[in-house]
Amino acid sequence: MGRLIYGFNVSIDGYIADAHGNIDWSTPSDELHQYWNDFERETALSFYGRRLYELMSAYWPTADEAPDATPLIVDYARVWRDMPKVVFSRTLEFVEWNARLERGDPVEVVRKLKAQTDGNLEVAGATLAAPIVQAGLVDEYRLVVAPTAVGGGTPFFPTLPGRISLQLLENRTFPCGTVLLRYGAERDG
């Protein structure tokens with residue numbers, strides 16, 4: 001059985017994007033970029049919603065070909081292309097880059113694939129993560145807190161049906177005051 005991880009860069013007030021959808025306030029330092037590269041390299045399967053998949057697939061498949069691509073960009077582009085992905089969409093006709101299209105209920109599909117897949121699985125994007133978090137399928141949360149308050153936007157956590165008890169697994173400070181907080185979800189019984 002796999003371990004489902006939901007992680008994202010977040011503002012100090014809990015948003016992954018501001019009210020205009022911008023994430024430019026969360027540009028990672030080289031050390032943080034390396035952290036995310038290593039995280040993705042260890043991911044057996046990643047779940048994407050349409051919007052985040054379109055954003056990622058518009059840049060990462062060829063990012064390593066840019067003349068000014070840094071070694072971190074080159075590395076992430078290769079890792080992203082090779083990583084197996086499941087993309088949830090009712091409107092996309094096809095997906096590429098080691099991805100498969102899924103039109104089913106995200107909670108049921110994630111539950112099934114989590115049971116069938118060994119290693120770390122990732123849910124990428126707050127909109128897709130919301131019903132999965134609400135269903136209690138996430139085993140670990142990784143919040144990379146940027147020292148910026150954005151005042152509103154897309155929250156990391158959806159409205160919850162009840163409390164989620166968490167246990168701190170790791171904390172780490174990156175340059176510029178960005179802090180990683182890793183929490184395991186405590187399960188009853």
Side-chain angles (χ1 to χ4, degrees), residues 2-11 15-18 20-89 91-102 106 109-110 113-114 117-129 132 138 140-146 148 150 153-154 156 170 172-182:
R3 180 170 178 77
L4 184 61
I5 301 169
Y6 173 39
F8 232 98
N9 295 341
V10 299
S11 64
Y15 297 96
I16 65 156
D18 69 18
H20 304 289
N22 295 323
I23 60 170
D24 56 354
W25 48 267
S26 68
T27 302
S29 65
D30 285 352
E31 185 180 347
L32 179 56
H33 203 303
Q34 185 64 57
Y35 169 81
W36 284 121
N37 285 18
D38 294 341
F39 170 75
E40 296 294 1
R41 192 179 339 280
E42 297 170 3
T43 300
L45 180 62
S46 188
F47 300 105
Y48 278 86
R50 178 195 53 82
R51 284 181 293 186
L52 187 56
Y53 173 77
E54 286 180 327
L55 178 71
M56 299 292 280
S57 66
Y59 178 73
W60 288 110
T62 59
D64 56 336
E65 298 170 9
D68 61 344
T70 65
L72 287 167
I73 297 292
V74 169
D75 181 44
Y76 190 86
R78 292 175 181 164
V79 168
W80 190 85
R81 278 194 308 258
D82 292 343
M83 181 179 46
K85 294 171 275 298
V86 174
V87 179
F88 291 88
S89 174
T91 59
L92 289 175
E93 295 296 322
F94 67 94
V95 291
E96 299 178 279
W97 312 110
N98 205 19
R100 74 175 175 100
L101 190 57
E102 180 60 59
V109 171
V110 168
L113 291 175
K114 183 179 173 185
T117 306
D118 290 328
N120 290 336
L121 295 89
E122 167 195 30
V123 58
T127 303
L128 176 61
I132 295 164
V138 175
E140 182 179 321
Y141 296 89
R142 295 187 184 192
L143 293 87
V144 177
V145 183
T148 303
V150 298
T154 305
F156 178 82
E170 177 186 8
R172 176 176 168 188
T173 302
F174 291 94
C176 302
T178 301
V179 177
L180 163 69
L181 299 170
R182 283 184 54 220

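It should be emphasised that the depicted structure is a prediction, and the values quoted were computed from it without experimental measurement.
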Would you confirm whether Thr62, through its side chain, and Glu65, through its main-chain N or O, come within 3.5 Å as a donor-acceptor pair? no
Look up atom CG in Leu121 and atom NZ in Lys114, then write down how far apart they are to the nearest 0.5 Å. 8.5 Å
Sole residue of Tyr15, Phe8, Tyr6 in ring-ring contact (aromatic ring centres under 6.0 Å, His included) with Phe156: Tyr6
How close do Tyr76 and Asn37 get, counting heavy atoms only, and between which atoms? CD1-OD1, 3.1 Å
Any chance you could lay out the side chain to side chain contact (heavy atoms under 4.5 Å, CB included) test for Leu113 and Leu45, step after step, and finish with the verdict? CA-CA 9 Å; Leu113 291 175; Leu45 180 62; 4.1 Å; yes
For residues Glu54 and Leu92, determine if any side-chain heavy atom of one lies less than 4.5 Å from a side-chain heavy atom of the other. yes
Would you say that Trp80 contacts Asn98 through its side chain, given a criterion of any heavy-atom pair below 4.5 Å between the two side chains? no
Residues Val138, Ile132; criterion side chain to side chain contact (heavy atoms under 4.5 Å, CB included); working and verdict: CA-CA 7 Å; Val138 175; Ile132 295 164; 4.1 Å; yes
Heavy-atom count check: over 12 atoms from other residues, nucleotides or ligands less than 6.0 Å from Leu72 CG? yes
Can you tell me how far apart CE (Met83) and CD (Glu122) are? Round to the nearest 0.5 Å. 5.5 Å
Can you see which heavy atom on Ala69 is nearest to which on Val74, and at what distance? CB-CG2, 3.9 Å
Point-to-point distance, once rounded to the nearest 0.5 Å, from OG of Ser46 to CG of Asn120: 11.0 Å
In Å, rounded to the nearest 0.5 Å, how long is the span from CG of Asp64 to CD1 of Ile73? 10.0 Å
Could you walk me through whether Leu32 and Asn9 satisfy the side chain to side chain contact (heavy atoms under 4.5 Å, CB included) test, starting with their C-alpha distance in whole Å, then the side-chain angles of each, then the deciding distance to 0.1 Å, before giving a yes or no? CA-CA 10 Å; Leu32 179 56; Asn9 295 341; 4.2 Å; yes
Close side-chain approach of Val144 and Trp36, heavy atoms under 4.5 Å: yes
Could you report the tightest heavy-atom contact between Ser11 and Val150, atom names first, then the distance? OG-CG2, 3.7 Å
Within a strict 4.5 Å, meaning less than it, do heavy atoms of the Val95 and Lys85 side chains meet? no
Rounded to the nearest 0.5 Å, the CZ atom of Arg51 sits from the CG atom of Leu55 at a distance of 11.0 Å
Please confirm whether the backbone N or O of Phe174 pairs with a side-chain atom of Thr178, one donor and one acceptor, at under 3.5 Å? no
Less than 4.5 Å apart, any side-chain heavy atom of Arg172 and any of Val179? no
Close side-chain approach of Tyr48 to Phe88, heavy-atom, < 4.5 Å: no
After noting the C-alpha distance and the side-chain angles of Arg142 and Glu140, does the key distance pass the side chain to side chain contact (heavy atoms under 4.5 Å, CB included) rule? CA-CA 7 Å; Arg142 295 187 184 192; Glu140 182 179 321; 2.5 Å; yes
Is any NZ, NE, NH1 or NH2 atom of the basic residue among Glu96 and Arg81 found under 4.0 Å from an Asp or Glu carboxylate oxygen of the other? no
Under 4.5 Å between any side-chain heavy atoms of Asp75 and Arg41, yes or no? yes
Nearest non-hydrogen partners of Thr154 and Ala126, listed with the distance: CG2-CB, 3.7 Å
Could you tell me whether the side chain of Asp18 and the main chain of Gly153 form a donor-acceptor pair under 3.5 Å? no
Ser89 OG to Leu128 CG distance, which is reported to the nearest 0.5 Å: 11.0 Å
Does any part of the side chain of Asp38, heavy atoms only, come nearer than 4.5 Å to the side chain of Val79, both counted from C-beta? no
With a 3.5 Å distance limit and no angle check, can you tell me whether Tyr53 reaches the backbone of Val86 through a side-chain donor-acceptor pair? no
